Amino acid sequence: MPYVSRKQCVSGVHQLLGSTLKDARRERQGRIVGIDQTREHPVIDVIWQGQPRAERIIITCDQLRDLVRASVARAALDTQKTATSKVPDRQDHDENSALMVEQRRA
């Protein structure tokens, strides 16, 4: 039987890997390259722009959960934007066709 700790882990953290994280206090941004939930408090590893090594940042489970929610919401928004940009608007298509017909007549 696998070991299950009493600690409650945040699910879906894999979606954070590769995400951009902004630090407004220090006016910097970096990329999340690792997440460790085996410790007392979760730790994320971030490589900030201009730094050669990752910085380990201790956060709370609630903060990690909020990061995952924000990442999921952002991904859903990006997917929705991509889907709507790929589907041509029928009205635009009809107007463009009408313009082409008028140009051919001239």
Side-chain angles (χ1 to χ4, degrees):
M1 176 177 248
Y3 171 75
V4 177
S5 70
R6 293 182 181 179
K7 182 177 178 265
Q8 191 177 32
C9 291
V10 177
S11 63
V13 295
H14 65 282
Q15 296 180 9
L16 293 176
L17 293 173
S19 297
T20 301
L21 187 65
K22 293 183 181 181
D23 181 357
R25 290 182 186 167
R26 296 186 185 175
E27 296 180 4
R28 63 183 180 169
Q29 67 179 12
R31 192 151 310 272
I32 297 175
V33 295
I35 301 163
D36 183 0
Q37 294 192 74
T38 61
R39 301 173 182 273
E40 185 177 341
H41 296 287
V43 175
I44 57 172
D45 297 324
V46 180
I47 296 180
W48 299 106
Q49 285 182 336
Q51 290 186 348
R53 293 180 22 191
E55 178 182 342
R56 294 182 68 79
I57 301 170
I58 298 171
I59 61 176
T60 66
C61 286
D62 290 337
Q63 289 171 326
L64 183 58
R65 201 170 285 113
D66 289 344
L67 281 174
V68 171
R69 282 189 199 122
S71 179
V72 168
R74 178 71 174 219
L77 183 63
D78 289 345
T79 302
Q80 183 181 18
K81 284 181 181 178
T82 302
T84 56
S85 67
K86 287 183 179 180
V87 176
D89 188 8
R90 182 72 178 159
Q91 183 179 3
D92 289 344
H93 179 69
D94 291 342
E95 288 175 6
N96 290 338
S97 297
L99 288 174
M100 290 177 63
V101 170
E102 288 177 17
Q103 289 175 353
R104 289 182 193 157
R105 290 182 190 164

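Just so we're clear, the structure is a prediction, and the values are computed from it rather than from any experiment. These values consider heavy atoms only, across backbone and side chains, with no hydrogens, waters or symmetry-generated copies.
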Residues that Ile57 engages under side-chain contact (heavy atoms from CB on, under 4.5 Å), provided they are two or more places apart
Ile44, Val46, Trp48, Glu55, Ile59
For Val33, what are the other residues in its hydrophobic cluster, where any two members join if their side-chain heavy atoms are less than 4.5 angstrom apart?
Ile47
Check: residues 67-76 side-chain donor-acceptor pairs under 3.5 Å, at least two apart:
from  : atom 1 : to    : atom 2 : distance (Å)
Arg69 : NH1    : Asp66 : OD1    : 3.1

Strictly distance-based, threshold 3.5 Å: is any side-chain N or O of Gln37 a donor or acceptor partner for the main-chain N or O of Val10?
yes
Any Asp36 side-chain heavy atom under 4.5 Å of Arg56 side chain
yes
Partners meeting side-chain contact (heavy atoms from CB on, under 4.5 Å) with Thr79 (sequence neighbours left out):
none
Which residue pairs pass the salt bridge (Lys or Arg N to Asp or Glu O under 4.0 Å) test with at least one member in residues 16-25, sequence neighbours excluded?
Asp23-Arg28
Atom pair CD1/SG of Ile35 and Cys9 - distance to nearest 0.5 Å
11.5 Å
Around Leu17, counting heavy atoms of other residues, nucleotides and ligands shown, do more than 12 lie under 6.0 Å from its CG?
yes
